[in-house]
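These notes are about the structure you will find just below.
Chain A is the first sequence line, chain B the second, and so forth, proteins listed ahead of strands; every chain is numbered from 1.
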Amino acid sequence: MSRWTKGLNPEQRAAVEHGEGPLLVLAGAGSGKTRVITHRVANLMEAGVGGEAILAVTFTNKAAGEMRERLQRMVGPAARAVTMSTFHALGLSMLREELGRGRKGKGARFVIYDTGDQLACLRTLAGRLRLRRTYDLEAVLARISAWKNAFVEPGATPEGDDDYAQVAAIFYPAYEEALRALAAVDFDDLVVRPTRMLEREPACRERWAGRFRHVLVDEYQDTNGSQLRMLRALAGGHRNLCVVGDDDQAIYGWRGAEVRHILEFERDFAPCKVVALERNYRSVARVLELANAVIAGNAARHPKRLVPTREAGPAVRLVVLEDGDAEAAWVAEEIEARLRERRFRPGQVAVLYRSNRLAQALETGLRAQRVPYRVLGGRSFFDRKEVKDLVAYLRVCHSPADAISLRRVINFPPRGIGPATVEKLAAWAEAESQPLFRAVERAAEALGPGDRALPALAQFWGVIGRAARRLREGGDLLAGVQALVEDIGLHDEVLDSAQSGAAAERRWAGVADLLAGVRGYAARAERPSLREFLSQITLADLDKDKEEEDRGERVTLSTLHGAKGLEWACVFLVGMEEGILPHERILNPSVADMESGDLSEERRLCYVGITRAKDELTLTRAARRVLHGKPRERAPSRFVSELPGTLLEVVDRAAPPPEADVREHLRKIKAMLGGPGSG
DNA sequence: GGCTATGCTTTTTTT
DNA sequence: AAGCATAGCC
């Protein structure tokens, strides 16, 4: 028995000790999944497999980081040689390296478009295709993404689908062409394009498949079609592919993940060793009972139960509060009491919710109780306008061909270059078959020598030129960015454009955070470059540095998606209502939605939330909640109302609804006291 | 042609 | 509550 199999149960040990060939680990929640992966890697290394020959793929940077840390604790610095990465980050390095092989590595100069950039791109295309404003571009984008991940070429989209698919079929070729012209790749490209190269170019396949002698995949139930093909291309030769997952925790169907990948792995990679981990080491028995009961409501699944190894624990509570604010306030008070009584440290507590919008009220409640917290995930940071604007400047400096970013900043801060001028520039560029930035460069030619916008354009292009020079390889990245911020007068712009002092402060904090991110990156990176920084901020969390700092000192707020793979001693699962969990959009799918709602995925989401709790679990719901502006009576989530009463201890703290005239009276009093929210 | 204010809508989850 | 589109104003 090797040192890495001591203390494991027989199934875990079998998975860790398995040698060559396909391995499927069906790992129930809390069954020691990450442990199996890290121990397996350590065991392989002890058996003489070099760290550089091992690839471990996860879905989030958080998971990758956590895994690396655990491995480091086990094998020390040798862990650094192991590639631990997300599919997207792996695809990015493959793309950079492969495209960099071309003459002078020119092809490797590209930017990564996130969803917002993709939509901006579609919006400009809509104008050009004369399809303006008629279509839900997000729905179009969803179709295009699905096609890309299924390797459907732009000209070969299936006919006879719904209206949205027909519109998307028009957009798709134009979109792909646009990305090429913009020197941009989207998230899907990061997996699809390297996979295509692996499949088509034997030399490329040799380089990468030969490099990784063992491939391990976490959360396999969340792989989509292109990711599976990438794995096939990488591990199809030696077949040393170990996948770990749980069909009950498949929660990414909406972005193309297919549960059947894990259900069919045995057949896909036969002959294949299968190990099932059902013993749960995480949660007290009462939590597991609830989890088992909730997930049993799903028909299509590997029937299995989590087997408890711990004591019964306290009863799981379902607490009913009056409204959303009362719910948040009550949760915050409960948490504060637990911290005060030293029953938990902040880092052991989490509040989980279905959608990000529930976070605001909770933040308010926790602030009121002076409970330190962090909000996990939520792309919110990069969605902040001032951050996006600054990043767009940096992108234009790095790659002037990025016309989406160029359009974003050409008149920011406002300098008198309006839509009409931009369209003239675009028309000239189109006619001359030149990128948009050439039109800016040669504005006199594009607009005519007397145009009013010429000075502004010259000034703008001067700013970009200066910044680009400062930000070139080898320069001081932080100083360069600071000088750019200075040059565009971002500080004044943020101050002037904000409605209030507080808003200005918040906005400037966004810029400051980005600068801190640059500083952190420059300190961390071996060879800091603008290109690498831009890639990282699109793919990863900038808050990483901040998180490391105070690990364990803060209560976590997270969506259910963001919470997967994590655990806390004390968990609050809020918003247990029809319309929130399960989500409205699943119950009443709109025409733009690709497939009719998948209720089973919502149930799995609920299951994921429940199984995050180790010692104590509380579910809450509000009897009324303000949604779409108006307060509405809320029905309890079917996931709890259909359960036998023995599994939950129901606590009703909601007052009966006030009569309409009383409510009106209250509203008037509140208005007199200075409006709602002033309390 | 460009900017600003007002009125209007709008809400899933993430790489 | 915030973001977006439209309309009106400079």
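The closest side-chain donor-acceptor pair between Gln118(A) and Asp186(A) falls under 3.5 angstrom. Side-chain atoms of Arg604(A) and Gln249(A) form no donor-acceptor pair, as typed in the model, at a separation below 3.5 Å. Looking only at atom types and distance, the side chain of Thr538(A) has no donor-acceptor partner in the side chain of Asp114(A) under 3.5 Å away.
Rounded to a whole Å, the CD atom of Gln221(A) is 16 Å from the P atom of dT14(B). The interatomic distance linking Tyr113(A) (OH) with dT15(B) (P) rounds to 21 Å, in whole Å. Rounded to whole Å, the distance from CE on Met94(A) to P on dT15(B) is 21 Å. Whole-Å rounding puts the Leu141(A) CG to dT13(B) P distance at 16 Å. Spacing between atom CG of Leu358(A) and atom P of dA1(C) amounts to 16 Å, rounded to whole angstrom units. In this structure, NZ of Lys388(A) is placed 12 Å from C1' of dG3(C), rounded to the nearest angstrom. The distance from atom CD of Glu138(A) to atom P of dT9(B) is 18 Å, rounded to the nearest whole Å. Computed from coordinates, the Arg604(A) CZ to dT13(B) C1' distance equals 13 Å when rounded to whole Å.
Between the base of dT12(B) and the side chain of Trp254(A) there is no donor-acceptor pair shorter than 3.5 Å.
Note on Asn224(A): every side-chain N or O is 4.0 Å or more away from OP1 and OP2 of dT15(B). Applying the 4.0 Å criterion to OP1 and OP2 of dT14(B), one finds that Asn61(A) has every side-chain N and O outside that range. At dT11(B), none of the side-chain N or O atoms of Asn356(A) fall inside 4.0 Å of OP1 or OP2 (strictly under the cut-off).
Among the nucleotides dT14(B), dT15(B), dG2(B), the one closest to any side-chain atom of Leu539(A) is dT15(B). Side-chain atoms of Pro414(A) lie closest to dC3(B) of the nucleotides dC3(B), dG2(B), dT15(B). Closest approach to the Arg357(A) side chain among dT11(B), dT14(B), dG1(B) is made by dT11(B) (side chain taken as heavy atoms from C-beta onward). When the nucleotides dT13(B), dT11(B), dG1(B) are ranked by their closest atom to the side chain of Ala420(A), dG1(B) comes out on top. Of the candidate nucleotides dT14(B), dT11(B), dG2(B), dT14(B) has the atom lying nearest to any side-chain atom of Thr559(A).
Comparing dT13(B) with dC4(C), their P atoms sit 16 Å apart, to the nearest whole Å. On the P atoms, dT6(C) is 16 Å away from dT11(B), given to the nearest whole Å.
When the options Asp248(A), Asp246(A), Asp247(A) are evaluated for a side chain to side chain donor-acceptor pair (under 3.5 Å) with Arg301(A), the one that passes is Asp248(A).
Residue-level contact check: Phe59(A) touches the backbone only, with heavy atoms under 4.0 Å from sugar-phosphate atoms and none from bases. Residue Thr60(A) is classed as a sugar-phosphate contact, given heavy-atom separations below 4.0 Å to backbone atoms only.
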- request: For the pair Arg407(A) and Glu423(A), evaluate salt bridge (Lys or Arg N to Asp or Glu O under 4.0 Å) and give the outcome as yes or no after the intermediate values.
  value: CA-CA 10 Å; Arg407(A) 280 169 184 262; Glu423(A) 282 322 305; 3.2 Å; yes

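Under the 4.5 Å side-chain criterion, counting only non-hydrogen atoms from C-beta, Val243(A) is not in contact with Ile262(A).
Closest-nucleotide positions on DNA chain B for Leu605(A) and Asn411(A) were compared, and the one nearer the 5' end corresponds to Asn411(A).
Remark: ring of His583(A) stacked against base of dT12(B); centroid gap under 5.5 Å, plane tilt under 30°.
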